[in-house]
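Input: a single structure, listed below in C-alpha coordinates.
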Amino acid sequence: MMAQRRQLDIFTKGRIVGMLKSSRSQTEVSRILNVGQSVISRLWQMFQRTRDVTRQPVSGRPRLTAPHQDRYLVISARRQRGSTARALGSALTVATGIRILRQTVFMRLNHASLCQVIYSQFGLAIHQNDHQARRRFVEWAQNEIAVVPDFHKRILFSDEAHFWLNGNVNKQNCRIWSEANPQVYVETPLHPEKLTVWCALWAGGIIGPYFFKNNEGHNVTVNGDRYRALITIFFIPELNNHDVQELWFQQDGATCHTARATIDLLNDTFGDRLISRFGPVNWPPRSCDLTPLDYFLWGYVKSLVYADKPQTLDHLEDNIRRVIADIRPQMLEKVIENWTSRLDYIRASRGRHMPEIIFKM
(Lines give C-alpha, C1' and ligand atoms only; values in the text may rest on other atoms or scores of the structure.)
Protein backbone atom coordinates (compact mmCIF):
# COMPACT_ATOMS: atom_id res chain seq x y z
CA MET A 1 0.00 0.00 0.00
CA MET A 2 1.29 3.45 -0.90
CA ALA A 3 2.29 5.61 2.07
CA GLN A 4 -0.06 8.48 2.79
CA ARG A 5 0.89 12.10 2.29
CA ARG A 6 -0.46 14.11 5.19
CA GLN A 7 0.39 16.97 7.52
CA LEU A 8 2.46 15.53 10.37
CA ASP A 9 1.83 16.55 13.96
CA ILE A 10 4.72 17.18 16.36
CA PHE A 11 4.27 13.77 18.00
CA THR A 12 4.68 11.88 14.70
CA LYS A 13 7.67 14.04 13.77
CA GLY A 14 9.27 13.17 17.10
CA ARG A 15 8.73 9.46 16.46
CA ILE A 16 10.29 9.72 13.01
CA VAL A 17 13.39 11.54 14.28
CA GLY A 18 13.75 9.13 17.19
CA MET A 19 13.55 6.08 14.93
CA LEU A 20 16.06 7.53 12.48
CA LYS A 21 18.47 8.37 15.29
CA SER A 22 18.23 4.76 16.47
CA SER A 23 19.71 3.70 13.08
CA ARG A 24 16.51 2.69 11.31
CA SER A 25 16.40 3.40 7.59
CA GLN A 26 14.06 5.93 6.04
CA THR A 27 12.43 3.14 4.05
CA GLU A 28 11.74 1.16 7.21
CA VAL A 29 10.32 4.18 9.04
CA SER A 30 8.11 4.97 6.03
CA ARG A 31 6.72 1.44 6.07
CA ILE A 32 6.11 1.34 9.83
CA LEU A 33 4.43 4.75 10.11
CA ASN A 34 2.84 4.78 6.64
CA VAL A 35 4.40 8.17 5.86
CA GLY A 36 5.86 9.07 2.49
CA GLN A 37 9.62 8.58 2.27
CA SER A 38 10.06 12.01 0.69
CA VAL A 39 8.32 13.57 3.69
CA ILE A 40 10.63 11.69 6.03
CA SER A 41 13.67 12.72 4.02
CA ARG A 42 12.75 16.42 4.16
CA LEU A 43 11.99 16.23 7.88
CA TRP A 44 15.34 14.56 8.57
CA GLN A 45 17.22 17.16 6.53
CA MET A 46 15.47 19.96 8.42
CA PHE A 47 16.25 18.36 11.78
CA GLN A 48 19.94 17.96 10.88
CA ARG A 49 20.06 21.58 9.78
CA THR A 50 18.08 23.24 12.61
CA ARG A 51 17.98 20.56 15.36
CA ASP A 52 14.25 21.21 15.51
CA VAL A 53 11.18 19.67 13.87
CA THR A 54 8.89 22.66 14.27
CA ARG A 55 7.94 23.89 10.83
CA GLN A 56 8.77 27.55 10.28
CA PRO A 57 6.08 29.80 8.75
CA VAL A 58 6.31 30.18 4.97
CA SER A 59 5.02 32.99 2.83
CA GLY A 60 1.52 32.46 1.51
CA ARG A 61 0.48 30.00 4.21
CA PRO A 62 -2.78 31.19 5.79
CA ARG A 63 -2.77 31.83 9.53
CA LEU A 64 -5.71 30.97 11.72
CA THR A 65 -5.21 34.08 13.82
CA ALA A 66 -4.14 37.61 13.04
CA PRO A 67 -1.46 39.42 15.12
CA HIS A 68 -4.04 41.38 17.11
CA GLN A 69 -5.82 38.10 17.98
CA ASP A 70 -2.51 36.61 19.11
CA ARG A 71 -2.07 39.62 21.40
CA TYR A 72 -5.57 39.02 22.75
CA LEU A 73 -4.59 35.46 23.72
CA VAL A 74 -1.40 36.61 25.43
CA ILE A 75 -3.12 39.41 27.35
CA SER A 76 -5.91 37.03 28.41
CA ALA A 77 -3.37 34.46 29.65
CA ARG A 78 -1.54 37.11 31.70
CA ARG A 79 -4.71 38.56 33.19
CA GLN A 80 -6.45 35.27 33.86
CA ARG A 81 -3.76 33.29 35.63
CA GLY A 82 -5.98 30.26 36.21
CA SER A 83 -7.10 29.82 32.60
CA THR A 84 -6.47 26.66 30.62
CA ALA A 85 -5.73 26.61 26.89
CA ARG A 86 -9.28 25.43 26.21
CA ALA A 87 -10.73 28.37 28.17
CA LEU A 88 -8.48 30.87 26.39
CA GLY A 89 -9.50 29.50 23.01
CA SER A 90 -13.18 29.70 23.94
CA ALA A 91 -12.75 33.30 25.07
CA LEU A 92 -11.20 34.17 21.71
CA THR A 93 -14.13 32.54 19.92
CA VAL A 94 -16.63 34.61 21.92
CA ALA A 95 -14.68 37.81 21.26
CA THR A 96 -13.87 37.33 17.56
CA GLY A 97 -15.94 34.44 16.25
CA ILE A 98 -12.78 32.51 15.27
CA ARG A 99 -12.48 28.91 16.45
CA ILE A 100 -8.98 27.55 17.12
CA LEU A 101 -7.59 24.32 18.52
CA ARG A 102 -5.81 24.07 21.86
CA GLN A 103 -2.61 23.28 19.96
CA THR A 104 -2.88 26.69 18.29
CA VAL A 105 -3.21 28.35 21.70
CA PHE A 106 -0.10 26.45 22.86
CA MET A 107 1.90 27.69 19.87
CA ARG A 108 0.81 31.31 20.22
CA LEU A 109 1.68 31.43 23.91
CA ASN A 110 5.02 29.70 23.34
CA HIS A 111 5.89 32.28 20.69
CA ALA A 112 5.07 34.99 23.24
CA SER A 113 7.63 33.47 25.67
CA LEU A 114 4.97 32.40 28.11
CA CYS A 115 6.05 29.09 29.61
CA GLN A 116 3.64 26.26 30.16
CA VAL A 117 3.46 25.63 33.88
CA ILE A 118 1.88 22.50 35.26
CA TYR A 119 0.63 22.74 38.83
CA SER A 120 -0.53 19.85 40.92
CA GLN A 121 -2.51 20.30 44.11
CA PHE A 122 0.82 20.63 45.91
CA GLY A 123 1.88 23.62 43.79
CA LEU A 124 4.87 22.05 41.99
CA ALA A 125 5.78 24.05 38.90
CA ILE A 126 7.70 22.98 35.83
CA HIS A 127 10.43 25.43 34.82
CA GLN A 128 12.54 25.84 31.72
CA ASN A 129 15.59 24.79 33.76
CA ASP A 130 14.18 21.26 33.87
CA HIS A 131 14.49 20.81 30.12
CA GLN A 132 18.22 20.10 30.20
CA ALA A 133 17.79 17.34 32.78
CA ARG A 134 15.01 15.82 30.70
CA ARG A 135 17.14 15.91 27.55
CA ARG A 136 20.01 14.18 29.36
CA PHE A 137 17.71 11.45 30.66
CA VAL A 138 16.06 10.88 27.27
CA GLU A 139 19.45 10.64 25.58
CA TRP A 140 20.61 8.10 28.17
CA ALA A 141 17.41 6.03 27.87
CA GLN A 142 17.50 5.96 24.07
CA ASN A 143 21.16 4.95 24.12
CA GLU A 144 20.26 2.04 26.41
CA ILE A 145 17.43 1.02 24.06
CA ALA A 146 19.84 1.16 21.09
CA VAL A 147 22.03 -1.41 22.87
CA VAL A 148 19.23 -3.49 24.44
CA PRO A 149 16.08 -3.08 22.29
CA ASP A 150 13.71 -4.25 25.05
CA PHE A 151 15.38 -2.11 27.74
CA HIS A 152 12.22 -0.06 28.31
CA LYS A 153 10.35 -3.29 29.10
CA ARG A 154 12.71 -3.96 32.01
CA ILE A 155 11.95 -0.79 33.98
CA LEU A 156 9.68 -0.95 37.03
CA PHE A 157 8.00 2.47 37.21
CA SER A 158 6.58 3.31 40.64
CA ASP A 159 4.39 5.99 42.21
CA GLU A 160 1.78 6.75 44.87
CA ALA A 161 -1.59 8.45 44.59
CA HIS A 162 -4.29 9.56 47.02
CA PHE A 163 -7.83 8.37 46.27
CA TRP A 164 -10.42 10.38 48.19
CA LEU A 165 -13.76 8.87 49.02
CA ASN A 166 -15.40 11.98 47.56
CA GLY A 167 -13.88 11.20 44.16
CA ASN A 168 -10.77 13.40 44.01
CA VAL A 169 -7.47 11.91 42.86
CA ASN A 170 -4.34 13.98 43.43
CA LYS A 171 -2.43 12.82 40.36
CA GLN A 172 -4.61 14.42 37.68
CA ASN A 173 -2.70 17.57 36.82
CA CYS A 174 -4.10 20.59 35.04
CA ARG A 175 -2.29 23.02 32.78
CA ILE A 176 -2.11 26.70 33.64
CA TRP A 177 -0.38 29.31 31.50
CA SER A 178 1.65 31.70 33.62
CA GLU A 179 4.98 33.47 34.02
CA ALA A 180 4.77 32.96 37.79
CA ASN A 181 2.93 30.81 40.32
CA PRO A 182 -0.75 31.63 39.69
CA GLN A 183 -1.61 30.76 43.30
CA VAL A 184 -4.45 28.45 42.31
CA TYR A 185 -5.80 26.30 45.11
CA VAL A 186 -8.09 23.29 45.10
CA GLU A 187 -10.54 23.13 47.97
CA THR A 188 -10.91 19.79 49.77
CA PRO A 189 -12.55 18.90 53.07
CA LEU A 190 -10.49 19.63 56.19
CA HIS A 191 -10.12 15.94 57.05
CA PRO A 192 -11.06 14.02 53.90
CA GLU A 193 -11.31 10.27 53.94
CA LYS A 194 -8.75 8.89 51.54
CA LEU A 195 -6.51 5.96 50.62
CA THR A 196 -2.83 6.30 49.77
CA VAL A 197 -1.98 3.70 47.12
CA TRP A 198 1.38 2.57 45.71
CA CYS A 199 2.00 0.53 42.57
CA ALA A 200 4.89 -0.47 40.34
CA LEU A 201 4.15 -0.94 36.65
CA TRP A 202 6.22 -2.56 33.91
CA ALA A 203 5.72 -4.49 30.69
CA GLY A 204 5.42 -7.72 32.68
CA GLY A 205 2.54 -6.59 34.89
CA ILE A 206 1.67 -4.52 37.95
CA ILE A 207 3.07 -5.06 41.43
CA GLY A 208 0.45 -3.84 43.85
CA PRO A 209 -1.70 -2.11 44.80
CA TYR A 210 -0.23 -1.53 48.24
CA PHE A 211 -2.30 0.52 50.70
CA PHE A 212 -0.49 2.44 53.42
CA LYS A 213 -1.92 1.51 56.83
CA ASN A 214 -0.65 1.73 60.41
CA ASN A 215 -0.37 -1.13 62.89
CA GLU A 216 -4.05 -0.73 63.79
CA GLY A 217 -5.09 -1.08 60.16
CA HIS A 218 -6.04 2.57 59.77
CA ASN A 219 -5.28 4.29 56.48
CA VAL A 220 -2.31 6.65 56.64
CA THR A 221 -0.22 8.73 54.24
CA VAL A 222 3.32 7.85 53.18
CA ASN A 223 6.52 8.94 54.93
CA GLY A 224 10.09 7.66 54.88
CA ASP A 225 9.59 4.89 57.44
CA ARG A 226 6.40 3.65 55.82
CA TYR A 227 7.94 3.75 52.36
CA ARG A 228 10.92 1.67 53.51
CA ALA A 229 8.51 -0.75 55.20
CA LEU A 230 6.70 -1.10 51.85
CA ILE A 231 9.97 -1.94 50.13
CA THR A 232 11.03 -4.43 52.79
CA ILE A 233 7.80 -6.30 53.56
CA PHE A 234 5.96 -6.06 50.24
CA PHE A 235 7.99 -4.98 47.22
CA ILE A 236 11.19 -7.02 47.61
CA PRO A 237 9.29 -10.27 48.41
CA GLU A 238 7.17 -9.70 45.29
CA LEU A 239 10.37 -9.44 43.24
CA ASN A 240 11.25 -13.02 44.12
CA ASN A 241 8.98 -14.06 41.25
CA HIS A 242 11.14 -12.16 38.75
CA ASP A 243 14.75 -12.05 37.64
CA VAL A 244 15.76 -8.96 39.58
CA GLN A 245 19.18 -8.89 37.88
CA GLU A 246 17.42 -7.87 34.65
CA LEU A 247 15.10 -5.23 36.14
CA TRP A 248 15.57 -1.49 36.75
CA PHE A 249 13.59 0.48 39.32
CA GLN A 250 12.32 4.04 38.85
CA GLN A 251 10.92 6.43 41.45
CA ASP A 252 10.34 10.18 41.49
CA GLY A 253 12.09 12.71 43.71
CA ALA A 254 9.67 12.75 46.66
CA THR A 255 11.50 13.24 49.96
CA CYS A 256 10.41 9.88 51.37
CA HIS A 257 11.88 8.22 48.25
CA THR A 258 15.25 9.96 48.35
CA ALA A 259 16.25 9.82 52.01
CA ARG A 260 19.71 8.31 52.42
CA ALA A 261 18.32 5.23 54.20
CA THR A 262 15.85 4.64 51.35
CA ILE A 263 18.45 5.00 48.60
CA ASP A 264 20.80 2.63 50.46
CA LEU A 265 17.99 0.08 50.78
CA LEU A 266 17.19 0.24 47.06
CA ASN A 267 20.87 0.13 46.10
CA ASP A 268 21.20 -3.14 48.02
CA THR A 269 18.60 -4.68 45.70
CA PHE A 270 19.12 -2.93 42.36
CA GLY A 271 22.72 -1.67 42.52
CA ASP A 272 23.37 0.69 39.62
CA ARG A 273 19.96 -0.14 38.08
CA LEU A 274 18.20 2.52 40.16
CA ILE A 275 16.63 5.53 38.43
CA SER A 276 16.02 8.17 41.08
CA ARG A 277 17.10 11.50 42.40
CA PHE A 278 20.36 10.82 44.27
CA GLY A 279 20.51 7.45 42.52
CA PRO A 280 23.02 6.10 39.97
CA VAL A 281 20.77 7.38 37.15
CA ASN A 282 19.05 10.70 37.82
CA TRP A 283 15.30 10.94 37.26
CA PRO A 284 14.44 14.37 35.81
CA PRO A 285 12.32 16.41 38.23
CA ARG A 286 8.67 17.13 37.53
CA SER A 287 8.39 14.64 34.68
CA CYS A 288 4.92 13.20 35.22
CA ASP A 289 4.55 12.97 31.44
CA LEU A 290 7.26 10.28 31.49
CA THR A 291 5.74 8.17 34.28
CA PRO A 292 3.25 5.55 33.03
CA LEU A 293 1.40 5.63 36.34
CA ASP A 294 0.77 9.37 35.91
CA TYR A 295 -0.07 9.42 32.23
CA PHE A 296 -2.08 6.19 32.30
CA LEU A 297 -2.69 4.15 35.45
CA TRP A 298 -4.13 6.62 37.97
CA GLY A 299 -6.46 8.23 35.46
CA TYR A 300 -7.60 4.86 34.14
CA VAL A 301 -8.30 3.52 37.63
CA LYS A 302 -10.09 6.73 38.64
CA SER A 303 -12.38 6.45 35.62
CA LEU A 304 -13.72 3.09 36.88
CA VAL A 305 -13.53 2.86 40.68
CA TYR A 306 -16.13 5.55 41.37
CA ALA A 307 -18.73 4.17 38.94
CA ASP A 308 -20.78 2.53 41.72
CA LYS A 309 -20.30 5.50 44.11
CA PRO A 310 -18.46 3.72 46.97
CA GLN A 311 -19.58 4.95 50.38
CA THR A 312 -16.77 3.46 52.49
CA LEU A 313 -12.99 3.26 52.20
CA ASP A 314 -13.19 -0.53 52.28
CA HIS A 315 -15.52 -0.45 49.26
CA LEU A 316 -13.20 1.96 47.46
CA GLU A 317 -10.17 -0.24 48.26
CA ASP A 318 -11.97 -3.30 46.86
CA ASN A 319 -12.76 -1.40 43.67
CA ILE A 320 -9.14 -0.31 43.23
CA ARG A 321 -7.88 -3.86 43.69
CA ARG A 322 -10.42 -5.21 41.21
CA VAL A 323 -9.77 -2.62 38.51
CA ILE A 324 -5.99 -3.04 38.69
CA ALA A 325 -6.26 -6.83 38.67
CA ASP A 326 -8.41 -6.65 35.51
CA ILE A 327 -5.87 -4.64 33.48
CA ARG A 328 -4.89 -6.79 30.50
CA PRO A 329 -1.24 -7.52 29.61
CA GLN A 330 -1.87 -6.16 26.10
CA MET A 331 -2.86 -2.82 27.61
CA LEU A 332 0.39 -2.62 29.59
CA GLU A 333 2.39 -3.43 26.47
CA LYS A 334 0.80 -0.44 24.71
CA VAL A 335 1.49 1.79 27.72
CA ILE A 336 5.18 0.90 27.77
CA GLU A 337 5.56 1.22 24.00
CA ASN A 338 3.98 4.65 24.31
CA TRP A 339 6.81 5.55 26.72
CA THR A 340 9.36 5.20 23.92
CA SER A 341 7.25 7.48 21.71
CA ARG A 342 7.30 10.05 24.50
CA LEU A 343 11.09 9.86 24.54
CA ASP A 344 11.06 10.65 20.81
CA TYR A 345 8.76 13.63 21.32
CA ILE A 346 10.77 15.08 24.21
CA ARG A 347 14.06 14.71 22.35
CA ALA A 348 12.67 16.32 19.21
CA SER A 349 11.13 19.18 21.23
CA ARG A 350 14.37 19.79 23.19
CA GLY A 351 13.10 18.62 26.55
CA ARG A 352 9.73 20.32 26.53
CA HIS A 353 6.82 18.80 28.38
CA MET A 354 4.09 17.20 26.38
CA PRO A 355 1.25 19.65 25.64
CA GLU A 356 -1.43 17.10 26.43
CA ILE A 357 -1.97 13.39 27.07
CA ILE A 358 -1.30 11.60 23.80
CA PHE A 359 -1.74 7.99 24.92
CA LYS A 360 -4.78 6.40 23.32
CA MET A 361 -6.04 2.94 24.25
Can a donor-acceptor pair be found, under 3.5 Å and without considering hydrogens, that links the side chain of [X] to the backbone of [Y]?
X	Y	answer
T232	A229	no
R273	L247	yes
S30	V35	yes
T262	C256	yes
Q311	K309	yes
Q250	S158	yes
S276	G279	no
N240	P237	yes
R134	R352	yes
D150	K153	no

| said: Consider ring pair (Phe, Tyr, Trp, His ring centres under 6.0 Å). Of F270, W283, F157, which one does F249 pass it with? | reply: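 Running ring pair (Phe, Tyr, Trp, His ring centres under 6.0 Å) over F270, W283, F157 with F249 returns exactly one hit, F270.
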
| Of F163, Y210, F235, which meets ring pair (Phe, Tyr, Trp, His ring centres under 6.0 Å) against W198? |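 Going through the options one by one, the only one that passes is F235.
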
pair [X]-[Y]: side-chain heavy atoms closer than 4.5 Å:
X	Y	value
L266	Q251	yes
T291	W339	no
T27	I40	no
Y295	N338	yes
R277	I263	no
F137	I346	no
H257	E160	yes
S287	D289	yes

Exercise: identify the closest heavy-atom pair between [X] and [Y]:
X	Y	result
L20	Q26	CD2-CG, 3.8 Å
L274	P280	O-CD, 3.4 Å
K194	N219	O-CB, 3.8 Å
V222	T196	N-CG2, 4.3 Å
N319	V305	ND2-O, 2.9 Å
D252	A254	OD1-N, 3.1 Å

| Would you find more than 12 non-hydrogen atoms of other residues, nucleotides or ligands less than 6.0 Å from R99 atom CZ? |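 Not more than 12 within 6.0 Å, no.
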
Atom [atom1] in [X], atom [atom2] in [Y]: separation rounded to 0.5 Å?
X	Y	atom1	atom2	result
I324	I207	CD1	CD1	12.5 Å
M19	S25	CE	OG	9.0 Å
I16	I32	CD1	CD1	11.0 Å
L195	D314	CG	CG	8.5 Å
T221	N214	OG1	CG	10.5 Å
I233	R228	CD1	CZ	13.0 Å

| query | After noting the C-alpha distance and the side-chain angles of R321 and E317, does the key distance pass the salt bridge (charged side-chain N to carboxylate O under 4.0 Å, His left out) rule? | reply | CA-CA 6 Å; R321 292 185 185 277; E317 179 177 331; 3.0 Å; yes

| field | Pairing residues for F211 by the ring pair (Phe, Tyr, Trp, His ring centres under 6.0 Å) criterion, not counting sequence neighbours | value |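 For F211 there are no ring pair (Phe, Tyr, Trp, His ring centres under 6.0 Å) partners, ignoring immediate neighbours.
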
| request: Output all residues satisfying ring pair (Phe, Tyr, Trp, His ring centres under 6.0 Å) with F151, sequence neighbours left out; order by chain, then residue number. | output: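 Testing F151 for ring pair (Phe, Tyr, Trp, His ring centres under 6.0 Å), a comparison that skips the adjacent residues, returns W140, W248.
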
| Side chains of H152 and E144, donor plus acceptor under 3.5 Å |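 Short answer, no.
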
| said: I'd like to know if D344 and R347 make a salt bridge, using a cut-off of under 4.0 Å between side-chain N and carboxylate O. | reply: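 The answer is no: the pair does not qualify as a salt bridge.
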
| task | Check the pair D159 / L201 against side chain to side chain contact (heavy atoms under 4.5 Å, CB included), numbers first and verdict last. | result | CA-CA 9 Å; D159 197 20; L201 181 155; over 6 Å; no

| request: Using the side chain to side chain contact (heavy atoms under 4.5 Å, CB included) rule, take Q45 and S41 through it: C-alpha gap first, then chi angles, then the decisive distance, then the call. | output: CA-CA 6 Å; Q45 291 173 8; S41 177; 3.4 Å; yes

| Going through the checks in order, is the side chain to side chain contact (heavy atoms under 4.5 Å, CB included) test met by Q330 and K334? | CA-CA 6 Å; Q330 297 86 344; K334 290 184 179 181; 5.7 Å; no

| Run the side chain to side chain contact (heavy atoms under 4.5 Å, CB included) check on M331 and Y300 step by step: do they pass? | CA-CA 11 Å; M331 186 178 293; Y300 176 79; 3.9 Å; yes

